[in-house]
Amino acid sequence: MELSKNYLPTPIESKWYEHWLSKKYFSSKPDEREPYTVVIPPPNVTGVLHMGHCLNNTIQDILIRRARMQGKNACWVPGTDHASIATEAKVVAMLRERGIAKSSLSRDEFLSYAWEWKDKYGGIILQQLRKMGCSLDWDRTSFTMDPDYYDSVINVFIDLYKKGHIYRGKRMINWDVKAQTALSDEEVIYKEVQSKLYYIRYAIEGGNADNNNFGTTELTPNKDYITIATVRPETILGDAAICVNPTDERYIHLHGKYAYVPLINRKIKIIPDEYVTLDFGTGALKVTPAHDMNDYQLGNKYNLEVIDTMNDDGTMSEAAQLYIGEDRFEVRKKIIPALEAKGHIVKIEEYTNQVGFSERTDVVVEPRLSLQWWVSMKNLATPALDSVLNDDIHFHPAKFKNLYRHWMENIKDWCISRQLWWGHRIPAWYAPDGTYAVAKTAAEAVIEINKKAATSFSIEQIRQDDDCLDTWFSSWLWPFEVFKGLSNPGNEELKYYYPTNTLVTAPEIIFFWVARMIMAGHEYQHQKPFKDVYFTGIVRDKQGRKMSKSLGNSPDLLGLIDQYGADAVRFGIMIASPAGNDILFDESALEQGRNFNNKLWNALKLVKGWEDRIAVTTHNNQTNNFALDWFETRLNQVSIDVDAMLTQFRLSEALKTIYSLIWDDFCSWYLEWIKPGFEQPIDTEIYHKTIGYFEKLMQLLHPFMPFITEEIYHLLKPQSEDLCVKQYAPIASINTEILTGGELLKQVISSLRDARNKNQIKPKDTIKLHINTANVVSYHAIESILTKQVNAAEIFYTTSSVPNTIMVNVEKDQFFIEAEKQLDTAAMKASLIKDLTYEQNFLASVMKKLGNDKFVQNAKPEVIELERKKQSDAEARIATIEESLKSL
RNA sequence: GGGAGCAUAGCUCAGUUGGUUUAGAGCAUCUGCCUUACAAGCAGAGGGUCCGCGGUUCGAACCCGUGUGCUCCCA
């Protein structure tokens, strides 16, 4: 069979994915094996695959494939999130393109468009995950708005409400006065606007200013009046306080005093708070809790009155006292002359600021207080905090424990209502008089309402809440609801798969999602949802910027897979991504992955080329035994190391280790050592053992690069099973002596090659090698490897220096290279002196330690022992070098 | 404003409870090679004040303090 020059991934990848699917390797059913469960962080149903998904899902696939090969029942559950805000925004945009305004549609009409859209475009991302080789159990695909799931979300809302964990409360929202609807933050577009900054003076209680006529008397600033600056003068009618920085010397004497709001003469307090910046405006801030996010916070802190001066349509309300029923911008125009007439205006400045506009109607958004639904978090947080602090749930890396603790200890209540239609509709009903009830159906609600209300209402009179629940209010149920943990409580699958094993996610959603899943797990299953949480980093571009649409720096992942192959992409993203660290994505890592594929492919080609030349030989038996023993030991050692790394979630490091085992140890050393000469036969034992090693290497690498490893595994020899499900064999204990021998051999070869290089001996020119060693026997075992690797014609053993040769020292052994080449004794001497200096300095540092009484008294005996060994080794090396120098 | 974290080779990062040969890897760089698996390759080499300062210790990249610079999360 003819193998292509380079590895061509595309046809091979689709072939194997289809094969694995047809064999149902990814599908899992409860059985007697130990389960290993991972639930996918459900991507947005509208999403397309980006680098973040690629990283996250590659990691999950590595964990799942390894578990499967370890004999566990591996179950990886796929699915998507309805992503209320993002999806609704996309549907609205799609409708707009077709010339349909959301406001012209009924809720049901809008939702039917949304479902249509979801069925058409939703879940593309799941198809894309197949391209990456993800071994998900597709029969279990879930969606957060599946009928059962939807029901469970509503039931959880009702349950938490009944338990007293859900309540209604006020919150600042973005209000669109034209559409008369609340907007999510994402629907507000900030634009730079040329505004005016008005400086307005307020009379201070007990001063000489007449709030109704400032112009009449001589006034002293900050005694008779205080000046504030604002871009929204119409809101002064809602002022509840004036705030100054406590360190501001201009106002210290005014703390706790009162001032009067112009035009309406409301008495308001002057309060100190760090929130106010000293150098903006006059350093005095008017506080209007009903109409500004930050002022509302201040209002809460100081228990200020909330005076809502605006109606739903942007006109002034009765609470404003003046201009009732007139539009906010009209009032802004009118109020200035009114203030001027009474002498309140000090000056008016030009000012540029950011103003929020409605994405839908392009009118200025009004921050406004509104009744929203909240989850009280304190009780839910306690068990969720404990389970992480006491390591019932392990975070990787552990540094996120601190962050988690800090947040959970200062947790704030969760606002769960969203002014959207796409999502789980809040199961609350309102009667015209404001009485409300939480219930599954209108029929149940009307009964509840009539119990509470003064008059009796009919079912037609009550109206369901228009809002939907926050997306996270459904995804916090994900780890158990994908097994129908709520819709079918205590079922067999839930018992078998839950708690799941590992959650792989990004640290930026530790609070949005991870913490809340832990809470929901404890509340509804009385168990943690997962045992380990692996936090990935954020994938950034080469310059360290976040990937974003506007920067256009997100690579086209499917294009990259086409170009480099999925294995190469998986390699590239994993090779430098330790847990919790951001990844700077660079296409050169993908190239490295592709080159690695190619290296594997070529190693395969080499080995396949021997197939027709297998023979029983005695030739070089001893030498080849050394190569076999050494590589087998090395393979076992690395397998043990890799297993330990993966257990500790050090995935990147494990991959690097395997990469180096294959590229360096297997290809560069082992294969070169056993490679027969041109058209020479290969020993049958060597051949079959080499095939066996190659198989084991493919098995070790398979979780990281599933496609090429499966392909090579089958090309090595006819196989009765697939690598994908081949079980790892237990590893024999290892003989470290042979590893030391191998290291010495590598070092000798490298040093001799270096000497050849430096002395400009051409690769093709042979040398005669003389070895002065106390260990002749051990050199016999590696003699033929050495001969081949340094291109020696002959090897001699000697007990003294050989004149007119190039001298090389490795450890305690001396090597003399005899070549047809003029010797550069000066260079040789310089090199030896450099070595000598290094050794002498090293010895000096060791002697300094050993000469320190306190070190000898305090250090552990094994540490002292080690220092003594360093000393004797260094002394021996120095002696060897000095001897070489003398003979020059 | 509140909190968390990072700083080691040109770049990206390891360095596992302070001692394992005066700090390791990959990429990049330099030198020599088209050697019958692979130039997407082979063989070799060079490159570090472990951010600055102070402290603890027989011993610090690692622990403590402090300064500087950067990043992220929440508001």
Side-chain angles (χ1 to χ4, degrees), chain A residues 3 5-7 273-275 277 293-294 297 397 399-400 402-407 410 412 507-512 537-538 540 542 544 546 564 568 575-578 580-586 588-589 591-610 644-645 648 650 652-653 655-657 659-660 663-664 667-668 671-672 675 677-679 749-758 760-764 789-791 838-839 841-846 848-860 862-864 866-867 869-871 873-874 877:
Chain A
L3 296 175
K5 183 170 185 293
N6 289 330
Y7 175 65
D273 192 278
E274 274 94 9
Y275 170 70
T277 23
M293 303 270 182
N294 296 312
Q297 307 261 329
K399 67 179 177 186
F400 289 111
N402 270 339
L403 190 69
Y404 181 81
R405 183 178 64 194
H406 184 264
W407 192 76
N410 298 285
K412 298 197 176 81
E508 64 225 53
I509 55 174
I510 185 169
F511 308 126
F512 285 131
I538 297 163
R540 297 168 176 282
K542 226 172 156 178
K546 257 186 172 173
Y564 295 98
I575 194 65
S577 52
N581 276 25
D582 287 358
I583 294 122
L584 298 197
F585 176 77
D586 187 345
S588 73
E591 255 174 66
Q592 200 190 342
R594 180 199 57 189
N595 295 352
F596 186 39
N597 274 341
N598 214 37
K599 188 71 182 177
L600 292 168
W601 191 247
N602 278 295
L604 172 75
K605 275 163 64 183
L606 175 68
V607 173
K608 288 299 276 182
W610 299 338
M645 287 172 195
Q648 295 166 61
R650 287 152 59 188
S652 239
E653 216 177 318
L655 178 57
K656 276 182 194 168
T657 306
Y659 174 81
S660 152
W663 199 303
D664 302 330
C667 294
S668 297
L671 288 179
E672 294 298 332
K675 192 162 132 182
F678 184 54
E679 292 187 341
I749 293 169
S750 291
S751 301
L752 292 174
R753 282 171 172 170
D754 184 30
R756 290 184 58 121
N757 244 341
K758 290 209 167 114
Q760 293 164 320
I761 299 172
K762 292 218 168 78
K764 280 183 177 163
Q789 296 285 282
V790 302
N791 198 13
Y838 176 92
E839 294 296 346
N841 287 343
F842 175 69
L843 181 63
S845 80
V846 174
K848 196 181 155 200
K849 258 191 195 176
L850 285 169
N852 182 339
D853 286 344
K854 284 183 178 168
F855 169 74
V856 181
Q857 282 158 25
N858 294 322
K860 283 180 270 183
E862 60 267 31
V863 173
I864 297 170
L866 190 73
E867 291 301 317
K869 185 169 183 309
K870 283 188 200 170
Q871 180 196 349
D873 286 356
R877 286 194 300 267

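Every chain is numbered from 1 and lettered A, B, ... according to where its sequence line falls, protein lines coming before strand lines. Keep in mind that this is a model prediction, so the values were computed, not measured.
OP1 or OP2 of B/rC42 sits under 4.0 Å from a side-chain N or O of A/W663. Contact check, A/N858 against B/rC58: a side-chain N or O comes under 4.0 Å of OP1 or OP2. Phosphate contact (OP1/OP2 of B/rA43, side-chain N/O of A/S668, threshold under 4.0 Å): present. Within the structure, every side-chain polar atom (N or O) of A/R594 is placed at least 4.0 Å from both OP1 and OP2 of B/rA40. Dashed line: the shortest gap from a side-chain N or O of A/K675 to OP1 or OP2 of B/rA37 is under 4.0 Å.
Going from atom CG of A/N410 over to atom CZ of A/R405 covers 10.5 Å, rounded to the nearest 0.5 Å. From A/D873, atom CG reaches atom CD of A/E839 across 9.5 Å, with rounding to the nearest 0.5 Å. Annotation: the span from A/F511 atom CZ to A/H406 atom NE2 amounts to 9.0 Å, rounded to 0.5 Å. In this structure, CG in A/N602 is found 11.5 Å from CG in A/L671, a value given to the nearest 0.5 Å. Atom CD of residue A/Q871 and atom CZ of residue A/F842 lie 10.5 Å apart, to the nearest 0.5 angstrom.
Across all strands, A/R756 comes closer than 4.0 Å to no nucleic acid atom at all (heavy-atom distances). Within 4.0 Å of A/R405, counting heavy atoms only, lies no atom of the nucleic acid at all. A/E862 comes within 4.0 angstrom of no nucleic acid atom, judged by non-hydrogen atoms across all strands. Here A/N791 lies out of heavy-atom contact (under 4.0 Å) with every strand. Counting non-hydrogen atoms under 4.0 angstrom, A/N841 reaches a base of the nucleic acid. Note on A/E672: a base of the nucleic acid sits closer than 4.0 angstrom, heavy atoms only.
A donor-acceptor contact under 3.5 Å is formed by the side chain of A/K599 with the base of B/rC38.
Only the C1' atoms considered, B/rU57 is 22 Å distant from B/rU21, to the nearest whole Å. When the C1' atom is compared between B/rU49 and B/rA9, the two are found 13 Å apart, to the nearest whole Å. Nucleotides B/rC38 and B/rC6 are separated by 40 Å at their C1' atoms, to the nearest Å. Comparing B/rA4 with B/rA43, their C1' atoms are spaced 48 Å from each other, to the whole Å. To the nearest whole angstrom, the two P atoms, one in B/rA25 and one in B/rU68, are 36 Å apart. Straight-line distance between the P atoms of B/rA45 and B/rC62: roughly 30 Å, to the nearest whole Å. The same atom, P, is picked in B/rG54 and in B/rU12; the two are 28 Å apart, to the nearest Å. B/rC27 sits 15 Å from B/rA40 when the P atoms are compared, rounded to a whole Å.
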Q: Take A/L600 and A/Y7, measure what side chain to side chain contact (heavy atoms under 4.5 Å, CB included) needs, and give me the verdict at the end.
A: CA-CA 9 Å; A/L600 292 168; A/Y7 175 65; over 6 Å; no
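Taking the side chain as every heavy atom from C-beta outward, A/V863 and A/F855 approach each other to under 4.5 Å. When side chains are defined from C-beta on, A/E653 does not count as touching A/K656, because their heavy atoms never get closer than 4.5 Å. The side-chain heavy atoms of A/K849 and A/V846, taken from C-beta on, include no pair separated by under 4.5 Å.
Atom CG of A/L850 is separated from atom C1' of B/rG19 by 12 Å (rounded to the nearest Å). Atom NZ in A/K412 sits roughly 16 Å away from atom P in B/rC73 (whole-Å rounding). Here the P atom of nucleotide B/rA37 and the NZ atom of A/K605 are 10 Å apart, to the nearest Å. Atom P of nucleotide B/rC72 and atom CD1 of A/I510 are separated by 17 Å, given to the nearest angstrom. Taking atom OH on A/Y404 and atom C1' on B/rG3, their separation rounds to 17 Å, with Å as the unit. A/K854 places its NZ atom 17 Å from the C1' atom of B/rA60, with the value rounded to the nearest Å. The separation between A/K762 atom NZ and B/rC42 atom C1' is 18 Å, rounded to whole Å. Regarding A/N6, its CG atom lies at a distance of 10 Å from the P atom of B/rG41, rounded to whole Å.
Picking from B/rG44, B/rC73, B/rA37 the nucleotide with the shortest atom distance to the side chain of A/N757 gives B/rG44. Of the candidate nucleotides B/rA37, B/rU22, B/rC38, B/rA37 has the atom lying nearest to any side-chain atom of A/C667. When distances are taken from the side chain of A/F678 to each of B/rG19, B/rC73, B/rU36, the shortest belongs to B/rU36. You'll find that the side chain of A/P763 is closest to B/rC33, out of B/rA37, B/rG44, B/rC33. Nearest nucleotide to the A/K764 side chain, out of B/rU35, B/rA43, B/rA4: B/rU35. Looking at the side chain of A/N598, the nearest of the listed nucleotides B/rU20, B/rA4, B/rC38 is B/rC38. Residue A/D754 has its side chain nearest to B/rG44 when only B/rG44, B/rU20, B/rU22 are considered. When distances are taken from the side chain of A/L866 to each of B/rA43, B/rU20, B/rC58, the shortest belongs to B/rU20.
With salt bridges taken as basic N to acidic carboxylate O contacts below 4.0 Å, one links A/K675 and A/E672.
Under the 3.5 Å distance criterion, the side-chain polar atoms of A/K605 are matched with a main-chain donor or acceptor of A/K5.
In terms of position on RNA chain B, the residue among A/F512 and A/N402 whose nearest nucleotide sits closer to the 5' end is A/N402. With the nearest nucleotide of RNA chain B identified for both A/N602 and A/W407, A/N602 has the one nearer the 5' end.
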When you compare the protein's N or O atoms with those of nucleotides 26-28 of chain B, which come within less than 3.5 Å of each other, and at what distance?
{"residue": "B/rG26", "atom": "O2'", "partner": "A/Q592", "partner atom": "OE1", "Å": "3.3"}
{"residue": "B/rG26", "atom": "O2'", "partner": "A/Q592", "partner atom": "NE2", "Å": "2.9"}

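The two atoms that bring A/L604 and A/L3 nearest to each other are CD2-CD1, 3.9 Å, heavy atoms only.
Looking at RNA chain B, the stems built from 3 or more consecutive Watson-Crick or G-U wobble pairs, each pair with its key distances under 3.5 Å, are B:1-7 with B:68-74, B:10-13 with B:24-27, B:29-33 with B:41-45, B:51-55 with B:63-67.
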